[in-house]
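Scope of the values below: all heavy atoms of this structure, side chains included, with no hydrogens, waters or symmetry mates. Letters A, B, ... mirror the listed sequences (proteins, then strands); counts begin at 1.
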Protein chains: 2
Amino acid sequence: MATSTVENYIKRIFMDQPTGTGLMPLGRLAKIMNVVPGTATTMVKTLSESGLARYRPREGVRLTPAGEKLALHVLRRHRLIELFLVRVLGVDWSEVHPEAEELEHAISDKLLARIDELLGKPAFDPHGDPIPSAAGKLSRSRVQPLIACNAGARMRIARITDQDSRFLRYANSHGLVPGAKLHLKDRDAQGDSILVQVNGRKPLNLGSSAGAKIMVEPHAKARTKRAT
Amino acid sequence: MATSTVENYIKRIFMDQPTGTGLMPLGRLAKIMNVVPGTATTMVKTLSESGLARYRPREGVRLTPAGEKLALHVLRRHRLIELFLVRVLGVDWSEVHPEAEELEHAISDKLLARIDELLGKPAFDPHGDPIPSAAGKLSRSRVQPLIACNAGARMRIARITDQDSRFLRYANSHGLVPGAKLHLKDRDAQGDSILVQVNGRKPLNLGSSAGAKIMVEPHAKARTKRAT
DNA sequence: GTTTGTATTTTGAATACTCAAAATGAAAAT
DNA sequence: ATTTTCATTTTGAGTATTCAAAATACAAAC
């Protein structure tokens with residue numbers, strides 16, 4: 001059985017490496033995990049020995065198929081729990097992340113299945129992130145960061161990538177929530193900012209770092225069943 | 001912050017020692033915790049150093065007020081979670097214990113408060129055990145084991161003390177659930193068995209070990225001698 | 001091609017928990 | 001009073017995780 005520490009390492013390696021080809025350098029992993037570099041090295045060796053990752057010294061890590069399977073399992077637990085907390089317990093979506101971070105390691109598969117059913121086998125969590133299926137399939141849609149869009153684009157918010165609750169609260173208060181329709185009215189390359197209009201609201205200026213955290217997708221297209 | 005291991009030790013010490021005066025011998029604690037005796041000794045020293053217990057070498061342990069406070073807090077989490085799983089998620093009450101055993105260490109106070117409200121600040125868990133209040137008060141009622149009752153007694157089941165799910169399932173299937181009315185029709189000291197009738201059902205024979213696990217309480221205002 | 005700089009790895013040590021087995025204390029049996 | 005027995009404690013060691021700081025490798029700059 002993987003400890004919750006191992007589960008966390010595996011999860012973060014997976015999340016920070018959507019492009020399957022590259023290795024993740026250990027310095028980066030150490031930053032993500034808030035440990036000193038040496039700790040990351042030690043841990044990655046252990047992961048490697050237990051067959052969850054492949055490790056090239058001085059280059060980086062990559063998950064093995066077994067590692068990816070575990071990562072998807074943890075991610076499923078995390079996102080299903082988040083949605084459960086929002087929908088059943090009425091917790092605000094901006095506060096749900098740290099809670100799920102703990103519970104994801106404590107919940108049994110049996111209980112998770114019950115929650116899944118109760119929620120109607122949902123496909124997305126409250127942040128708009130896709131929930132891996134029980135079989136371990138993750139639907140990847142074509143989303144992009146808001147800053148990557150052209151002026152004039154009309155999109156829909158798919159999710160907010162930042163898990164920091166301050167930013168989530170800010171986003172929330174301006175209507176920047178998954179599902180919201182959004183019109184990119186203008187871009188200012190020099191001023192490093194973009195002007196957006198959310199639903200019918202007052203236009204809002206966002207810096208590029210904020211714009212990078214907001215993932216959008218074309219909203220004309222037919223969509224799969226939505227969470228929330 | 002107490003680790004979940006510490007929380008478990010404290011909880012079990014508390015539960016196995018309702019009579020405040022006696023010390024719990026470490027051999028007993030070791031059995032309860034499924035560790036070798038030496039481990040219990042080491043752990044109890046640690047608890048003692050952190051002010052949660054008082055330890056007399058060769059005699060035993062007792063919780064300090066701080067330890068009792070923690071124990072009640074853990075117990076509250078455990079029992080509230082059990083009730084939540086039964087009521088909101090429809091998990092069978094006989095299967096709820098091991099689940100809560102894990103979740104009780106992962107849930108935040110904030111989330112617990114939400115659950116408490118959702119359930120209407122309940123006083124008893126699905127096994128009939130009282131749920132400590134947020135302030136740490138535990139209502140102790142006058143309950144006693146079924147085998148301690150006289151023939152002819154009419155009682156109500158308060159709770160089942162055994163947490164083993166096989167026994168719980170057995171009890172369930174015979175209507176032996178908290179709240180059920182019960183008539184002790186006969187006792188057979190030689191045969192070591194008692195004959196009970198649950199609600200209107202067929203009379204049922206129980207051995208003394210089963211009878212010891214079923215806690216009952218006076219059903220009307222009739223006063224029997226109290227057990228605490 | 002040597003120096004400098006930065007990322008990574010190694011080493012040594014700490015904390016929390018556990019076990020196996022030897023040592024000890026105290027009560028029970030003789 | 002001495003021996004036997006049993007519970008408890010001590011000792012030594014192992015796993016999982018972490019840090020601080022020294023050692024090393026490699027790329028970039030000179």
What's the NE2-C1' distance between B:H105 and C:dA16, to the nearest Å? 15 Å
How would you give the extent of chain B contacts on DNA chain D, as first and last nucleotide 5' to 3' within a 4.0 Å heavy-atom cut-off? D:dA7 to D:dT10
Any Lys/Arg nitrogen of A:K11 or A:E104 sitting under 4.0 Å from an Asp/Glu carboxylate oxygen of the other? yes
Can you classify the ring geometry of B:F84 versus A:F84 as parallel (below 30°), tilted (30 to 60°) or perpendicular (above 60°)? perpendicular
Start at the 5' end of DNA chain D and walk down; is the nucleotide closest to A:Y9 or to B:P37 reached first? B:P37
Between B:D188 and B:S193, a side-chain donor and acceptor under 3.5 Å: no
Describe the nucleic acid contact of B:G27 in one word from base, sugar-phosphate, nothing, applying a heavy-atom distance below 4.0 Å. sugar-phosphate
With a 4.0 Å cut-off on heavy atoms, is A:N8 in touch with a base, just the backbone sugar-phosphate, or nothing at all? nothing
Euclidean distance, atom CE of residue B:M33 to atom P of C:dT18 [Å, nearest integer]: 7 Å
Looking only at N and O atoms, is any donor in the side chain of B:R58 or the base of C:dT24 less than 3.5 Å from an acceptor on the other one? yes
Give a yes-or-no answer on whether the side chains of A:D125 and A:H78 include a donor-acceptor pair shorter than 3.5 Å. no
Polar side chain donor-acceptor pair, A:H97 to A:D164, under 3.5 angstrom: no
Whole-Å gap separating P (C:dT9) and CZ (A:R56): 12 Å
Once you apply a heavy-atom cut-off of 4.0 Å, does A:T5 come out as touching a base, just sugar-phosphate, or nothing? sugar-phosphate
N-O pairing of A:D92 and A:R169 below 4.0 Å: no
Looking only at the side chains, is there a donor atom on one of B:S108 and A:E99 sitting less than 3.5 Å from an acceptor on the other? yes
Taking for each residue the nucleotide of DNA chain D with the nearest heavy atom, is it A:T46 or B:L26 whose nucleotide lies nearer the 5' end? B:L26
Atom CD of B:E7 and atom C1' of C:dA16: how far apart are they, to the nearest Å? 15 Å
Taking any heavy-atom pair under 4.0 Å as a contact, classify A:K45: base, sugar-phosphate, or nothing. sugar-phosphate
